Engineer: 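Before we start, here is the structure in question, set down as structure tokens.
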Amino acid sequence: MPTMRKYLFSAGFALLVTATSLSMTVMTPPAFASEIKYVVNDIAITSGDIAHRAAFLKLQHKKGDAAQEMIDQTLRLAEARRLGIRISDAQVEAAYQRFATNNKMQLGQLDGVMEKSGVSKDHFKEFIRAQMAWNQALSARYRSGEGGSVTEQDAVRRMLDKGGAKPSAMEYMLQQVIFVVPAAERSATLAKRKREADAMRARFNGCNTTREFAKGLIDVTVRDLGRILAPQLPPDWAEQIKATKVGGATVTRETERGVEFIGICSSREVSDDKTAQMVFQSEGSNDKAADDLSKKYVDELKAKARIVKR
């Protein structure tokens, strides 16, 4: 059985892969019952859900309370939905594929590991969905200042701590191209639309000609996103944007809107007060402050929640 690197979803804002291996003794998983054990704000958590999470904790060689983790996940997903955050199946599948690729596995191999260890691929995918949604919820709260956002004074203090050096960041001018696929037509037209998007992306040679290329195409939206600093890049696109040369475009991705890619119009390195504040804010999002914010947020949700043990 191949070893896997442990895939950790931070309490902050990024999905991280560590080098910790998971050596597993694969056994035939027990048949999980579906008896309701908890009801959290009218959402049921079954003994099967808890057993899958216990298997996942064992797979990670991690201690924890499986029931409590499922309660927390249920609260996080519900809060994300309340905030209007929706993680599409396409986003989850893409993250699942990246996990397999990062661990040098085929999808079938990863499916097998999840099933034989008792986790199940569906449980793992729902875990991915919950973490992605929670990261966005945390990001929104962190930016609002409730998590102690980095002020100008904080930025100055950190610059002094670093010997007066003001941090710099890449600033990108971006253009978004969306091949719109209505939800009702998704199963019938998504593959065709992806071929069309791939063809246009292959012809992309700068942002000045995009609208000309799109003229003869149906339901194609071109949006100028303006200037965006690297710390502000959407997590789902950040690595692809950073890896793409100016005048080029990222690979196409299936999203809830259809099929999309991002064109890189220009980029430059900038260093000013706003950049310093943004960079330090980004750095702070991965430290203990983010973990503390996450715990505080979940504790608040628990205090208001209706949690019934059956």
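As the structure is a prediction and not an experimental result, all values here were calculated from the model.
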Engineer: May I have the list of side-chain donor-acceptor pairs in residues 180-189 shorter than 3.5 Å, sequence neighbours left out?
Structural biologist:
residue, atom, partner, partner atom, Å
R186, NH1, T255, O, 3.0
R186, NH2, T255, O, 2.9
T189, OG1, E185, O, 2.8

Engineer: Run the salt bridge (charged side-chain N to carboxylate O under 4.0 Å, His left out) test against D89 and tell me which residues pass, sequence neighbours left out.
Structural biologist: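 Testing D89 for salt bridge (charged side-chain N to carboxylate O under 4.0 Å, His left out), a comparison that skips the adjacent residues, returns R129.
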
Engineer: Side chain to side chain donor-acceptor pair (under 3.5 Å) with R211: which residues, sequence neighbours excluded?
Structural biologist: D224

Engineer: Can you run down the disulfide bond (SG atoms under 2.5 Å apart) pairs that involve residues 72-113, sequence neighbours left out, and say none if there aren't any?
Structural biologist: none

Engineer: Sequence neighbours excluded, which residues qualify as side chain to side chain donor-acceptor pair (under 3.5 Å) partners of R53?
Structural biologist: E69, Q73, H123

Engineer: Between D42 and R306 (salt bridge meaning N to carboxylate O under 4.0 Å), is one present in this structure?
Structural biologist: yes

Engineer: Scan residues 291-310 for pairs that pass ring-ring contact (aromatic ring centres under 6.0 Å, His included), counting only residues two or more places apart or in two chains.
Structural biologist: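 Only W134-Y297 qualify under ring-ring contact (aromatic ring centres under 6.0 Å, His included).
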
Engineer: Same cluster or not: are F204 and L225 linked, directly or through other Ile, Leu, Val, Met, Phe, Trp or Tyr residues, by side-chain heavy atoms under 4.5 angstrom apart?
Structural biologist: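 No; L225 is not reachable from F204 via cluster members.
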
Engineer: Considering residues at least two apart in sequence or located in another chain, which fulfil the side chain to side chain donor-acceptor pair (under 3.5 Å) criterion with N41?
Structural biologist: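 Side chain to side chain donor-acceptor pair (under 3.5 Å) list for N41, sorted by chain: empty.
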
Engineer: Mind checking what makes side chain to side chain donor-acceptor pair (under 3.5 Å) contact with K121, not counting sequence neighbours?
Structural biologist: none

Engineer: R257: what forms a salt bridge (charged side-chain N to carboxylate O under 4.0 Å, His left out) with it, not counting sequence neighbours?
Structural biologist: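 Listed in chain order: E260.
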
Engineer: Output every pair passing disulfide bond (SG atoms under 2.5 Å apart) with a member in residues 217-262, not counting sequence neighbours, ordered by first then second residue.
Structural biologist: none

Engineer: Quick one: list whatever passes salt bridge (charged side-chain N to carboxylate O under 4.0 Å, His left out) with K192, sequence neighbours left out.
Structural biologist: E196

Engineer: Can you list every pair that meets disulfide bond (SG atoms under 2.5 Å apart) and has a residue in residues 182-222, with sequence neighbours left out?
Structural biologist: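 Sorted pair list: C207-C265.
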
